[in-house]
2 protein chains.
Amino acid sequence: MAGSRANSGAGPPPAVGADLHLELRGPGLRAGLTDALREVVRTGRLAPGSRLPASRSLAADLGVSRSTVVEAYAELVAEGWLTAQQGSGTRVAARAEPYRGAPDAPRERSDEPRPRYGVWTGAPDLATFPRTQWLTAARRALIAAPHDALGYGDPRGRMELRTALADYLARARGVCAEPDRVAVCSGFHHGLALMAQVLRVRRVRGVAVEAYGLDVFPDLLANAGLHTPPLYVDDHGARIDDLARLRDVGAVLMTPAHQYPTGVALRPDRRMAAVDWARDTGGLILEDDYDGEFRYDRQPVGALQGLDPERVVYFGSVSKSLAPGVRLGWMVLPEELVPEIVAAKGHGDYMTSALDQLTLAEFIASGAYDRHVRSMRLFYRRRRDQLVEVLRQRAPGIRVTGMAAGLQTVLELPRGTESSVVRAAARHNLVIRGLTQFRYEAADCGWRLPERDALVVNYAAPSGSAWAGTLDALCSVLPGGESRKPIKPSPWEGPAW
Amino acid sequence: MAGSRANSGAGPPPAVGADLHLELRGPGLRAGLTDALREVVRTGRLAPGSRLPASRSLAADLGVSRSTVVEAYAELVAEGWLTAQQGSGTRVAARAEPYRGAPDAPRERSDEPRPRYGVWTGAPDLATFPRTQWLTAARRALIAAPHDALGYGDPRGRMELRTALADYLARARGVCAEPDRVAVCSGFHHGLALMAQVLRVRRVRGVAVEAYGLDVFPDLLANAGLHTPPLYVDDHGARIDDLARLRDVGAVLMTPAHQYPTGVALRPDRRMAAVDWARDTGGLILEDDYDGEFRYDRQPVGALQGLDPERVVYFGSVSKSLAPGVRLGWMVLPEELVPEIVAAKGHGDYMTSALDQLTLAEFIASGAYDRHVRSMRLFYRRRRDQLVEVLRQRAPGIRVTGMAAGLQTVLELPRGTESSVVRAAARHNLVIRGLTQFRYEAADCGWRLPERDALVVNYAAPSGSAWAGTLDALCSVLPGGESRKPIKPSPWEGPAW
């Protein structure tokens, strides 16, 4: 019986070490590495018992000698943070506190109890994925598809999907889209990687990024050989004026509709200034419209791309609106970039499942996507309102910001409390990230972001059954928060179709 | 119970209509809305005939009163931009001209007549994709999947699929596989690109490739900064002894079971020599087992990987066995490479659709994959036999080689005729490639492949309805071939389930 071993506990133990992102700081290489590793264990980024990367792998990843890694490991073993056993590799010692923080090392099989509550991931509530409707669309799409839809196709993706997306993005997001300029990809990471390839071919040397954000994107760009100077972010979004002062920057990566994670919208004059910069310098704006479907109180903020479709590359995906596992995203390209992206896709033939493309095209064309988004918008707004109301009652000193749209919000904390709150949350089985983890600065940028203690709450992520407990755990650990009052979330707990 | 209503048909009626992004400007609310809607229609953002959101939904979205929307709609109906019909909602009037910019790139629908017959692509007969069985597997898989299967997952892919593949590859191809060493990717191109990234990190400088093959793979490796010296290929496969003479080569890319496109199998002593080279030098063998499922007359040739799983990286995909559009492939990795491939995948988060992964896992585990492969093996063998028989009757001077396995064969032509035959075929609406197009030599390699005029016939590619015509066109253009005799292919024209 094929597949009968799936999910069984049998078989050899996982051979794999964790994938570990480290930021080396400090005077010497070895001291910097030792500090970084100690920090990883101390903050719980690696759980007790988890295996560290083999010294050779980590050395290769970091571009340091293997002996540097071996010595750093040995020092931490001596300090009691790590254990080393013959045949079992180097592992985190048992006494370190539990954690499930950064999304660097997802594991499917683990003997450790998983934290019950997590608001660190940007994923939507996966329980709301419209399985039945998706399967219906898949059936319709696959039955209707011509045979050659299953072969190698246009590197931009299936025309059915590009047409449906052009239509949807024009009306829902104000994107100036034509099917010929839409390129399907496997999510934003993939789109950005293709774009990085194009920029390198164009001899662009740098891409400015926002000083708050996920580190994976500057990392991706840096891996492609681009330098990534940060742009200061304040209450009105990225400070666009600074772009003119940056050298060798041919593009800027931004989240104009809803800055991630601070949640602010780019002020209208800055939107215009960004477009002006692009026009004046021949630069490109890479617009990451990661949660454009979700807006609540305020006037919708349309895509920046509409201001100048020849200077803005628009990126979107279903990762928030449906689920990240679908791995479908899109770019809307300036005309002149179309052949370059086609060439970049062609190099690696990184195509995206034709079956899923056809299914999403049918899902959009049938109206199911609009219905789902509308339903989820109500659902997440309800969650956000519950979060705000519970905090008002039980942690009245906490200010909530960035909540007019999207799936995350920011809780402002008293100075100096962020890291202790994050650790306290971990003890309450609540995995949450402090805003500090999203800071991205450079030593030579001439400014520092203000000190700001805050939590980023991705309130869409918990499942419905975990939501009340998540709120409870959160209130328990907030400065001035109360943990006694029972939480009564609204009885309306799921999206309606 | 949260989320339990998701996917149920109950609940409030769907808040219908398109999701529409509007930017309100102007003096008053109603005037601003009217202007914005007029603009949407005028610029073609909403196509003629498309339905506007219900007034209640749009009012809720915009945070304005319903009457404001009703009045704005009414005004635009009066102006002729919109139409309103009882029971059909408000729609964009037919006269508005849609704006869909200039066509700037190749389109899928073209007025040029497409060649009727093509045997140049390595794709299987796409009409044989088991749509019904695939949909059944998709339904089963998606209904059974845990919610977190739809989130970001292990960079190696879903455990369900890795387990099913490990089991399948072990029994069907003699691959020494464990789920922990399997990494799912989006086809061979993707897997090879990841591998190239790993080799670069390892400071490998060159990858030897076979002197016959598809040029996209050396191109991909060269794009990643690797040099790609060719290995001489004769009737027993690649000449492995030459590896020792190549400088700065850390890996070799091969098709040992069925050399592409010549169709020969790597001789057993050369298989051992390849493994010895890898062991002696610390090199890696990249085994492209592109059509391992399809073998006919001879003893099956197992995967080379079984000889030394620590020195061979095994690659496979569903591109021949199901369809390239599914975009699913896999690598079976030496243990030490697992963290490196995970790191490479992590950089770009190039994941593969979780939905398709789960579906393929179910498809394999249920036995449907085995049944399909068995059925297709009979189907393609029948085609091959028909090809050989028709050639024997109508072009008896043509020798057929490389036909013991796989989906392609080589027709040897008289010296100096290849290019004229390829051109003649084009005039007969038959697209075919000469063997010369697959030659890959280097000026400084010290040898030349012998002159060889031949055609590569990918006999799996034509649809059932095009098969007889393909044979006929082929015979018409072969030197000494006859075009008059009617072709009578066997009545059995499709795979049986």
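Throughout, protein chains are lettered first and strands after them, A, B, ... in sequence-line order, and every chain is numbered starting at 1. Being a predicted model, the structure only gives us computed values, none of them experimental.
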Under 4.5 Å to a heavy atom of chain B? For A:V326 that would be both
Contact origin within A:S319 toward chain B - heavy atom pairs under 4.5 Å: side chain
Of the backbone (N, CA, C, O) and the side chain (C-beta and beyond), which part of B:P124 lies under 4.5 Å from a heavy atom of chain A, both, or neither? neither
Look up atom [atom1] in [X] and atom [atom2] in [Y], then write down how far apart they are to the nearest 0.5 Å.
X: B:I143; Y: A:T132; atom1: CD1; atom2: OG1; answer: 7.0 Å
X: A:R327; Y: B:D356; atom1: CZ; atom2: CG; answer: 12.5 Å
X: B:L355; Y: A:F129; atom1: CG; atom2: CZ; answer: 5.0 Å
X: B:N223; Y: A:Q197; atom1: CG; atom2: CD; answer: 7.0 Å

Could you check which of A:A123, A:A224, A:S353 has the highest count of heavy-atom pairs closer than 4.5 Å to chain B? A:S353
Below 4.5 Å, heavy-atom pairs only: which of A:P339, A:A354, A:A170 has the largest tally toward chain B? A:A170
Mind listing the closest non-hydrogen atom pair of A:L135 and B:L142 along with its distance? CG-CD2, 3.8 Å
Any side-chain heavy-atom pair of A:R374 and B:S57 under 4.5 Å: yes
Can you check whether A:A145's main-chain N or O pairs, donor with acceptor, with B:R131's side chain at less than 3.5 Å? yes
